[in-house]
Amino acid sequence: MITVSPTVLLTGFDPFGGSTLNPSWLAVNALHGEQVLSHRIVAAQLPTVFGESLRVLDALLHTHQPALAICVGQAGGRSAISIERVVINVNDAPIADNAGARPIDTPVIAGAPAACFSSLPIKAMRAVVQAEGIAAEVSQTAGTFVCNHVFYGLMHTLATKPALRHTRGGFVHVPWLPEQGTPHMPLDAIVRGLRVAVRCALENGSDAVLGAGAAH
Ligand code: PCA
């Protein structure tokens, strides 16, 4: 009998905005193939391109039907691993994407709700990353560039495709690497932080398990 272990899908992005590397891809790729609580991590790269990134993500979701799908992106200027709470239905690009497109004030999904929430236990994840001695925060905005676009597309697909009704999903931003600028975080800290965050998300369906003390 062939048994297929359940998967956790982690995505990262290719470099953009003139950089030659993107820590989100380097970090998730370092976790590719690892087993966490009998789930196999599958890492994949998304293009930093409006539209095409969602086509690639949807194909991955349908192929793997993961227990968890966590998209990871670089957020220059942030000093902590940022676990995103909320995503908005807008594309408003401050720079061109990797295909030269710069949509301004367009919807990610026309006619869909204005915003939605991560279905990950964001505060529990923050707590376990901090317990590793790694800076972590809950963030209230994923911006309005390709990361927000992908996060919205992810949550919309999970909410509307019956085959994916058991998949929970969300988004995590990571800081620059030291060679990219300041503030920054070493790659091994980003990898360790993501590893414990994935484990925590598999163990905890929601933040309710933390009780009132986890409010801040
Ligand atoms: N960060 C960008 C897009 C790709 C990435 O890694 C963002 O925050 O939108």
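Atoms within a ligand are numbered from 1 in the order they appear, just like the ligands themselves.
- For ligand 1, the atoms sitting less than 4.0 Å from at least one non-hydrogen atom of N22 are 5 (C), 6 (O), numbered in the order shown with element in parentheses.
- Atom numbering of ligand 1 starts at 1 in the shown order; those under 4.0 Å from a heavy atom of F145 are 2 (C), 3 (C), 7 (C), 9 (O).
- For the pair E137 and I81, the minimum side-chain heavy-atom distance is 4.5 Å or more.
- A donor-acceptor pair under 3.5 Å links the side-chain atoms of N89 to the main chain of V108, judged by distance alone.
- Within ligand 1, the atoms closer than 4.0 Å to a non-hydrogen atom of T48 are 3 (C), 4 (C), numbered from 1 in the order shown.
- Between F145 and F50, the two ring planes are perpendicular [angle over 60°; tilted spans 30° to 60°].
- The contact set between ligand 1 and Q74, taken as ligand atoms under 4.0 Å from a residue heavy atom, comprises 1 (N), 2 (C), 5 (C), 6 (O), 8 (O).
- Here atom 2 (C) of ligand 1 lies nearest to C147 when heavy atoms of C147, S53, S82 are compared.
- Nearest to atom 5 (C) of ligand 1 among the protein's heavy atoms is F16 CE2, 3.2 Å.
- Listed by number with element, the atoms of ligand 1 under 4.0 Å from a non-hydrogen atom of G73 are 6 (O).
- Side-chain contact of S19 with Q180: a donor-acceptor pair under 3.5 Å is present, judged by distance alone.
- Neither the backbone nor the side chain of H149 has any atom closer than 4.0 Å to an atom of ligand 1 (non-hydrogen atoms only).
- No hydrogens or angles considered: nothing links the side chains of Q74 and H173 as a donor-acceptor pair under 3.5 Å.
- If you check the side chains of S139 and E84, you find a donor sitting under 3.5 Å from an acceptor.
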